[in-house]
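What follows is a short report on a single structure.
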Amino acid sequence: MAKEQTAEKGITSRAEDFAAWYNDVVLKAELADYSPVRGCMVIRPRGYRIWELMQRALDDLFKETGHENAYFPLFIPQSFLAREAEHVEGFSPQLAVVTHGGGKELEEPLVVRPTSETIIYAMLSKWIQSYRDLPVLLNQWANVVRWEMRTRLFLRTTEFLWQEGHTAHATAEEAEAEARTILGVYRRFMEEWMAMPVLTGQKTDAEKFAGAVRTYSCEALMQDNRALQAGTSHFLGQNFARAFGVQFQTAQGDMDYVWSTSWGVSTRLIGGLVMTHGDDVGLVCPPRLAPLQVVVVPIWKSDTDSGSVLEAARRVEDALRAGGIRVNVDDRESMTPGAKYYYWELRGVPVRLEVGPRDVAQGQVVLARRTGGKVPVPVASVLESVKAALEEIQAELLRAARERREANSLRHVNRDQLTEYMEAGGGFAYGGFCGSPECEVEIKERTKATIRVLPDPEFRSDPPPASCAWCGKKAVTEAVWARAY
RNA sequence: CGGGGCGUGGCGCAGGCCGGUAGCGCGCCUGGUUUGGGACCAGGAGGUCGCCGGUUCAAAUCCGGCCGCCCCGACCA
């Protein structure tokens with residue numbers, strides 16, 4: 001509680017205590033707050049706006065790839081979960097169960113969805129008869145509940161918001177392709193909108209989704225060198241189809257079970273955004289997801305100035321807004337310009353425009369970037385200047401994050417290096433893996449690092465590692481280890 | 001569940017050992033002067049000291065019990 005603060009009005013520095021820094025940023029930038037219910041959070045307007053912008057971008061990408069939104073119920077009959085053996089085993093400890101309704105005990109308890117595979121496949125079994133009904137490409141935006149032991153704002157809360165895609169296909173190849181397509185969509189969103197670079201690859205059996213044949217993942221590296229699983233896409237094979245009897249008649253007239261996928265990203269991404277770009281001043285929001293992209297701060301020395309300055313600020317605001325920029329004039333009179341700078345920097349606004357009497361006289365405004373640097377720009381071309389600055393900031397954030405990740409990656413690790421690297425604070429450690437669960441478990445116990453992914457080809461090392469980083473036997477694949485959130 | 005920390009105006013904290021009826025900074029409200037990197041002056045509002053019980057003439061303070069929150073670990077998007 002009594003955490004040393006960098007300044008009276010400031011936040012804990014990252015170097016001093018990263019977890020405290022994260023909480024400070026989330027709370028003080030007003031993204032979220034703790035709720036009266038343990039483990040649950042309130043997403044405040046500033047945080048929810050980021051989520052809305054994420055939703056819009058992702059939803060467009062899903063639609064472009066042929067998906068449709070639908071909505072399935074929050075409550076799922078308890079027996080549904082039990083139908084898929086691994087699935088029930090994986091989720092049972094995390095379920096919230098409703099036993100009473102309308103003042104009476106229910107005949108069958110209802111679980112609050114931890115994910116919706118079961119109820120969706122129960123419905124698909126009704127809707128799908130023929131190969132002509134396939135593929136089914138669904139997505140839903142929803143809340144889910146998982147009773148976590150330990151929670152953290154955005155990163156892990158009892159209830160969270162996400163999207164879950166569920167698709168059914170006639171062939172394994174098509175379902176596999178779907179799972180990979182979505183992984184690419186996620187990666188594109190994370191890099192192009194969030195400016196958060198990710199490694200993609202496959203999860204080991206120990207790390208995969210309960211009920212999946214294969215799980216693919218996007219993994220990002222946070223500033224404290226811990227990995228964040230940012231999005232997952234699962235090839236479910238026929239596991240759920242068999243459990244729920246989702247059969248279709250093929251063109252040849254045979255009966256077969258559908259091949260399916262599921263995939264999701266959640267409000268956890270907001271936590272990833274904070275921990276990828278934030279600094280000791282506060283939030284740094286990538287322009288494409290910034291609730292407010294530009295704040296205009298008027299500066300005046302006398303009443304005679306204030307009229308013309310405010311008028312100039314309004315004209316700039318109008319011009320930018322007409323150009324599609326999310327902008328506001330901070331015309332509060334009770335706060336000095338300097339105080340407003342700190343206020344908006346904490347909240348992550350990428351660009352600030354300062355407008356004072358001198359600027360008005362010279363037909364200019366001062367453009368200050370959240371990432372550093374101030375330059376005067378002509379009012380006449382302010383929209384172009386702002387657009388260019390926002391694009392540059394967006395690109396710069398991605399580049400900086402990618403550089404940081406590479407600077408905190410180590411290739412071709414052996415046993416000692418892996419151990420030392422994780423003890424020294426870690427990052428992504430690439431090395432050979434023999435594929436044995438024994439090595440995987442032992443590494444986790446000794447180093448607290450888990451295999452984040454078996455990386456996709458473009459992330460693999462050249463030359464490929466020949467032997468297992470741990471046991472030294474022949475490597476069957478390359479793996480990337482990290483301590484994770 | 002184990003380990004650590006903490007509950008006192010909205011926020012951050014002091015007071016607690018040595019019981020005597022609550023204070024500081026920030027914020028907030030009113031008025032005025034201000035405004036190119038966290039303004040200043042004056043006045044003002046705001047607290048069942050986490051909860052329950054005990055000791056005492058008297059409890060924020062001492063004793064017992066309980067509750068909650070945060071951080072670290074076991075579980076996980």
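Being a predicted model, the structure only gives us computed values, none of them experimental. Per chain, numbering begins at 1; letters A, B, ... match sequence-line order.
In this structure, A:Arg332 reaches neither bases nor backbone, as no heavy-atom distance under 4.0 Å exists between it and the strands shown.
Looking at the side chain of A:Trp300, the nearest of the listed nucleotides B:C71, B:U35, B:G36 is B:U35. Comparing atom distances between the A:Met149 side chain and each of B:C70, B:A77, B:A74 picks out B:A74 as nearest. Taking every side-chain heavy atom of A:Arg358 into account, B:G36 is the closest of B:A74, B:G36, B:A77. Among B:A39, B:G36, B:A77, the nucleotide with an atom closest to any side-chain atom of A:Ala339 is B:A39. You'll find that the side chain of A:Tyr34 is closest to B:C71, out of B:C71, B:A77, B:G36.
Judged by the 6.0 Å and 45° rule, A:Arg188 forms no cation-pi pair with A:Tyr186.
When all heavy atoms of A:Leu390 and A:Pro287 are compared, the pair lying nearest together is O-CG, 3.3 Å.
Distances shorter than 4.0 Å separate some side-chain N or O of A:Arg38 from OP1 or OP2 on B:C69.
Between A:His277 and A:Leu283 the shortest side-chain heavy-atom distance does not fall below 4.5 Å.
The number of heavy-atom neighbours closer than 6.0 Å to CD of A:Gln55, taken from other residues, nucleotides and ligands shown, is above 12.
Nucleotide B:G68 is matched to B:C6 when pairs are restricted to Watson-Crick or G-U wobble geometry with both distances under 3.5 angstrom.
Each of A:Thr232 and A:Gly338 lies near RNA chain B, and the nucleotide nearest A:Gly338 is the one positioned closer to the 5' end. Two residues, A:Trp162 and A:Leu153, neighbour RNA chain B, and the one matched to the more 5' nucleotide by heavy-atom proximity is A:Leu153.
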